[in-house]
Amino acid sequence: MFFSRKKQQNQRQMQATALTKNLNENLEMLKSEFNYPKNKDFYIKEIFIASLQKKGYLLYINGTVDVKSMEQLVIRPLINSQIKDKNEDDYPFLLHHVLTTVSGEEVQAISSIVNDLLSGHTIIIIEGEASALTISTEGFETRQIEKPANETVIKGPKESFTESASKNLSLIRKQLKNKDLVTEFVQVGKTDKQKVSLMYVQSIADDDLVNRVKKRVEEIEADAIPELSFIEQHIEERPYSLVPSCLMTERPDRAASFLREGHVIILYGPSPYALVTPITFWSLFHTGEDYYERWAYGNFIRLIRLLAVMVALLTPAIYIAATNFHPEMLPTDLLLAISATREMVPFPAILEVLIMELTFELLREAGIRIPTAIGPTIGIVGALILGQAAVDANVISPIMVIVVAITGLASFAIPEIGFSYIIRILRFGFLIAAAVVGFYGIALFMVVCLAYLASINTFGVAFLSPLAPHYPSSKDLIIRPPVWKLWLRPQNIQPKKRNRSNKPTS
């Protein structure tokens with residue numbers, strides 16, 4: 001009795017999740033899934049397929065399909081084709097002899113049909129078939145390919161990712177014409193289902209690494225994933241750490257260069273970025289410009305960038321340590337000048353620094369949120385009115401304006417936005433350490449930070465590798481050798497092919 005009831009329940013469940021051979025019943029099930037006729041975006045078109053001499057329905061969602069392509073490649077062939085010699089089943093016959101599309105698939109499950117409709121596919125159901133034909137006619141509105149907004153270069157390609165998954169895949173294929181480049185799709189989101197694209201070079205990327213990244217994406221338990229940043233937060237291994245596990249880039253050429261080293265790239269339809277994983281410390285301040293310029297020029301701008309990181313991180317802390325704890329390190333004239341400018345300021349130096357740093361962060365945040373048309377106003381208010389007025393009112397000293405301005409300028413030279421946030425947050429940690437015990441505090445906090453960076457890893461790859469722990473590489477870390485010496489891939493991510501090219505003889 002129990003098993004009989006269970007069997008009937010399973011049969012009803014199967015009937016609710018799969019198509020039957022009754023055309024009208026199938027149509028009603030799909031109507032129910034999309035709340036038709038209340039939902040005006042769900043389109044149903046009755047057609048008579050001449051070559052099969054059968055009635056059918058064509059279904060799609062307005063705004064997700066390219067209507068012109070659908071009419072030319074699907075509707076016209078179905079209505080006009082008069083081929084009668086039929087030696088195959090209905091759907092294979094339509095795919096091979098009638099339709100002029102390059103893609104098409106037969107599906108049975110209602111859930112698959114619903115997902116395909118939401119992804120911009122056109123669905124054909126015909127009488128007497130317990131399945132449907134799904135054809136890719138995707139036509140979501142997207143913007144054109146434009147120049148990168150954040151990762152600009154003087155030399156090199158001027159293309160960036162867009163909000164179209166197919167365009168983004170095409171841009172990477174354009175950069176990397178390798179038959180071993182593999183794209184896998186993983187579906188995420190329970191209610192708002194989207195496809196995530198995982199790209200890697202089969203002959204280079206470590207299988208364990210690929211499987212770990214894929215497993216992490218498959219394990220995402222969320223109703224919806226609005227953006228690629230959400231995937232990054234779901235898959236990262238240290239959710240409470242300042243140090244990221246992934247890197248986001250808007251440049252297809254940069255994403256392709258990571259693929260050539262054995263990394264895994266994640267693309268997500270609505271996002272104009274690619275997510276690179278795993279990453280190391282060195283990749284956070286490298287840019288494409290370093291490689292497009294000649295060896296000396298590329299290393300010069302890279303060293304300037306490294307100097308900017310140190311200035312942005314330590315300048316306020318060094319000022320506090322030198323003036324409060326180690327004034328003997330400063331020339332007497334400079335010390336007297338600083339004392340003179342601070343004579344009328346009522347606050348201690350550390351409070352003065354904190355006020356200025358927080359004001360600068362406020363200005364930076366306001367500059368991002370303010371409408372473009374009045375954006376320059378922020379600079380005028382911040383630099384001319386607020387800064388000058390604060391100095392005239394003896395709230396802050398002129399030397400403090402210089403210190404904070406140099407710090408802010410240096411922070412703008414940091415190329416990766418996540419790395420910039422780390423520096424900005426750690427700056428306050430160094431400030432407090434310097435205010436407590438001077439240079440000893442800075443040194444102690446620096447040791448703690450380095451020890452932490454040396455202890456962490458991302459998907460099994462040490463964050464400071466290939467320097468610490470040491471792995472063979474082309475030594476493209478702080479400075480890079482000439483491009484013809486970049487023959488060895490970094491061995492810290494265990495690439496299957498160790499070499500990019502033959503070892504140079506000199």
Side-chain angles (χ1 to χ4, degrees), residues 172 176 178 180-186 188 196-222 225 228-249 254-268 273-286 416 418-419 422 448-478 486-500:
I172 289 186
L176 189 55
N178 188 331
D180 290 332
L181 178 59
V182 174
T183 304
E184 290 192 44
F185 295 122
V186 178
V188 297
V196 175
S197 307
L198 267 69
M199 300 189 79
Y200 56 90
V201 180
Q202 179 71 47
S203 57
I204 299 176
D206 180 39
D207 291 335
D208 289 339
L209 172 65
V210 173
N211 291 334
R212 289 179 71 167
V213 176
K214 186 178 176 183
K215 184 169 180 286
R216 195 65 63 83
V217 175
E218 289 173 337
E219 287 174 348
I220 294 177
E221 294 283 342
I225 302 293
L228 191 59
S229 305
F230 287 75
I231 294 179
E232 177 186 9
Q233 294 176 58
H234 275 290
I235 68 172
E236 65 183 353
E237 297 183 326
R238 301 175 301 278
Y240 298 103
S241 172
L242 286 180
V243 183
S245 302
C246 309
L247 180 149
M248 294 183 84
T249 178
R254 196 172 183 211
S257 70
F258 278 110
L259 286 169
R260 291 190 189 98
E261 287 188 349
H263 295 260
V264 178
I265 300 294
I266 299 174
L267 296 173
Y268 188 58
Y273 290 94
L275 198 64
V276 182
T277 193
I279 59 164
T280 62
F281 171 78
W282 316 106
S283 55
L284 290 175
F285 74 93
H286 290 179
E416 217 279 323
F419 193 33
I422 296 173
V448 171
C449 291
L450 288 175
Y452 175 70
L453 294 179
S455 68
I456 60 176
N457 62 68
T458 304
F459 292 103
V461 178
F463 191 65
L464 291 184
S465 62
L467 182 65
H470 175 72
Y471 286 90
S473 71
S474 292
K475 298 180 175 53
D476 178 19
L477 301 174
I478 297 175
L486 296 171
W487 63 279
L488 187 63
R489 291 189 175 88
Q491 303 302 300
N492 54 330
I493 56 174
Q494 309 295 327
K496 291 176 186 171
K497 292 182 180 177
R498 290 171 52 88
N499 300 352
R500 291 189 179 95

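The first residue of the sequence shown is numbered 1, and numbering continues consecutively from there. Owing to the predicted nature of the structure, the values given are computational and were not obtained by experimental measurement.
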N/O donor-acceptor pair under 3.5 Å between [X] side chain and [Y] backbone:
X	Y	value
Glu236	Pro244	no
Lys496	Gly262	no
Glu261	His263	no
Arg489	Arg260	yes
Ser474	Asp476	no
Ser473	Lys475	yes
Arg238	Asn457	yes

Heavy-atom pair of closest approach, residues [X] and [Y]:
X	Y	result
Ser257	Arg254	OG-O, 2.6 Å
Leu228	Ala274	CD2-C, 3.9 Å
Val201	Leu259	CG2-O, 3.7 Å
Phe258	Val276	CG-CG1, 3.5 Å
Ser197	Thr183	CB-CG2, 4.2 Å
Ser203	Lys497	O-CG, 3.5 Å

Beyond-backbone contact of [X] with [Y], side-chain heavy atoms, under 4.5 angstrom:
X	Y	result
Asp207	Gln202	yes
Val196	Ile220	no
Ile478	Trp282	yes
Ile266	Ile235	yes
Val213	Tyr200	no
Leu181	Ile172	yes
Ile493	Pro278	yes
Ile204	Asp180	no

Arg498: what forms a side-chain contact (heavy atoms from CB on, under 4.5 Å) with it, not counting sequence neighbours? Leu488, Gln491

Just how far is it from atom [atom1] of [X] to atom [atom2] of [Y], taken to the nearest 0.5 Å?
X	Y	atom1	atom2	value
Ile422	Ser241	CD1	OG	7.5 Å
Ile279	Thr249	CD1	OG1	12.0 Å
Phe463	Ser283	CZ	OG	7.0 Å
Tyr268	Ile225	OH	CD1	6.0 Å
His286	Glu416	NE2	CD	12.5 Å
Gln233	Ser245	CD	OG	11.0 Å

Between Tyr471 and Gln494, does the side-chain contact (heavy atoms from CB on, under 4.5 Å) criterion hold? Intermediate values first, please. CA-CA 10 Å; Tyr471 286 90; Gln494 309 295 327; 4.1 Å; yes

